[in-house]
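Take a look at the structure set out below.
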Protein chains: 2
Amino acid sequence: MKLLKDKIVQNGKVLSENVLKVDSFLNHQIDPVLMQEIGNEFGARFKNAGITKILTIESSGIAPSMFAGITLGVPVVFARKRKSLTLSDNLFTSQVHSFTKGETNDISVSKDFINSEDTVLIIDDFLANGQAVLGLLDVLKQAEAKTAGVGIVIEKGFQPGGSLIREQGIRVESLANIKSLANGKVEFFEEATIR
Amino acid sequence: MKLLKDKIVQNGKVLSENVLKVDSFLNHQIDPVLMQEIGNEFGARFKNAGITKILTIESSGIAPSMFAGITLGVPVVFARKRKSLTLSDNLFTSQVHSFTKGETNDISVSKDFINSEDTVLIIDDFLANGQAVLGLLDVLKQAEAKTAGVGIVIEKGFQPGGSLIREQGIRVESLANIKSLANGKVEFFEEATIR
């Protein structure tokens with residue numbers, strides 16, 4: 001997705017060979033117009049997949065999911081990173097390790113909102129080691145829901161997450177797939193899906 | 001806002017005289033179409049306030065803020081509830097006590113994204129004891145930014161937060177203001193702003 005890649009090149013900050021900081025438009029300050037374009041792009045790529053629900057994870061997955069929800073005409077469910085006292089025990093839970101934050105969180109989704117009738121699109125802001133998406137896939141498995149695929153804003157294709165998930169036969173659509181962050185420069189893979 | 005009040009009456013669950021659960025459309029599963037209407041409503045109410053930025057707090061403030069950001073044509077910044085290792089020390093911080101969760105969190109906003117040139121609209125999903133909004137106002141004070149006002153999806157008007165903030169001379173627009181949750185029934189205050 002050219003608009004997104006241009007934004008990454010212009011406003012992303014390469015902090016190391018592994019870390020790209022995009023907190024000026026994606027995960028601290030958010031550019032709503034870009035999110036709308038991203039949501040439309042996910043909608044276009046998955047419009048024939050029979051999706052009934054979008055599943056994401058707090059917090060940075062919520063913004064792009066909202067606009068995909070508008071385009072696809074379906075509700076968005078976000079997994080919480082730990083139990084809230086106002087949620088009951090009626091939960092699917094899984095564990096997600098964050099290498100960035102150096103911690104493991106329980107994630108939870110109410111059984112009220114995902115079930116075996118659902119065909120679900122998972123959306124997240126980043127795909128690196130794949131832990132968050134694997135946790136969400138585990139939730140869908142517990143719910144006996146169908147997985148339509150995974151929509152990722154920025155994949156770090158030089159890290160193992162994308163392969164781990166695609167090897168399971170799951171469709172992964174990344175709007176920008178980074179090949180390398182070496183020498184302070186962002187290099188992208190060619191897009192598999194051209195629009 | 002009639003659409004929102006109808007949704008609260010139809011889908012909200014009164015768990016006690018103080019607790020209204022709206023996790024089927026606002027803070028776990030999210031209805032994107034309702035969020036879009038809410039964003040448009042905030043946009044209409046604050047369109048002449050010279051807003052340059054929206055400030056909210058993760059996670060449930062993000063969805064309505066996105067659509068307000070589209071309508072007002074401004075970026076959205078969300079305060080994080082604790083430091084992320086990928087953020088630098090270049091932060092405004094404050095403390096927010098959550099009575100629901102029984103815990104106190106540091107909130108932080110990068111100094112890169114709010115400054116003295118900004119006129120800021122604060123948006124959040126709930127206003128009850130007002131702790132989150134007071135924390136965000138503290139951030140704006142540290143940034144020497146101008147506060148345009150506060151947009152709240154659901155105010156629990158029988159709790160002290162709304163008064164605490166309005167007493168400071170700050171404009172608070174609540175799209176649904178709850179007078180009482182007694183006897184398992186949601187009763188609203190009359191709207192001050194009619195559209």
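In what follows, chains are A, B, ... by sequence order, proteins preceding strands, each numbered from 1.
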Review point. Do B/Lys185 and B/Glu187 meet the salt-bridge criterion of a basic N to acidic O distance under 4.0 Å?
Key: no
Point to revise | Heavy-atom contact with chain B under 4.5 Å, split by part of A/Val109 | key: both
Review point. Can you tell which of B/Asp31, B/Ile70, B/Leu34 has the highest number of heavy-atom pairs within less than 4.5 Å of chain A?
Key: B/Ile70
Check your understanding: side-chain contact (heavy atoms from CB on, under 4.5 Å) between B/Leu137 and B/Gln168: does it pass, once the steps are laid out?
Key -> CA-CA 11 Å; B/Leu137 287 168; B/Gln168 296 184 26; 4.3 Å; yes
Exercise for review: Would you mind checking which part of B/Met35 comes under 4.5 Å of any heavy atom in chain A, side chain (CB onward), backbone (N, CA, C, O), both or neither?
Suggested key: side chain
Exercise for review: Count the heavy atoms of every other residue, nucleotide or ligand shown that sit under 6.0 Å from CD of A/Glu144, and state whether that count exceeds 12.
Suggested key: no
Exercise for review: Please look at B/Ser98 and chain A and tell me whether the side chain, the backbone, both or neither of the residue comes under 4.5 angstrom of a heavy atom of that chain.
Suggested key: neither
Check your understanding: Out of A/Val33, A/Ile30, A/Val74, A/Leu55, which one racks up the most heavy-atom pairs below 4.5 Å with chain B?
Key -> A/Ile30
Review point. Heavy-atom distance under 4.5 Å to chain B: side chain of A/Ser65, backbone, both or neither?
Key: neither
Review point. Taking atom types as modelled and ignoring hydrogens, do the side chains of A/Gln36 and A/Asn40 form a donor-acceptor contact shorter than 3.5 angstrom?
Key: no
Exercise for review: Tell me, yes or no, whether the heavy-atom count around A/Lys5 atom NZ, taken from other residues, nucleotides or ligands under 6.0 Å, exceeds 12.
Suggested key: yes
**Study point:** Interchain contact, A/Glu58 with chain B, by part (heavy-atom threshold 4.5 Å)
**Key:** both
Check your understanding: Is there a chain of hydrophobic side chains (I, L, V, M, F, W, Y, each step under 4.5 Å between heavy atoms) that links B/Leu134 to B/Val172?
Key -> yes
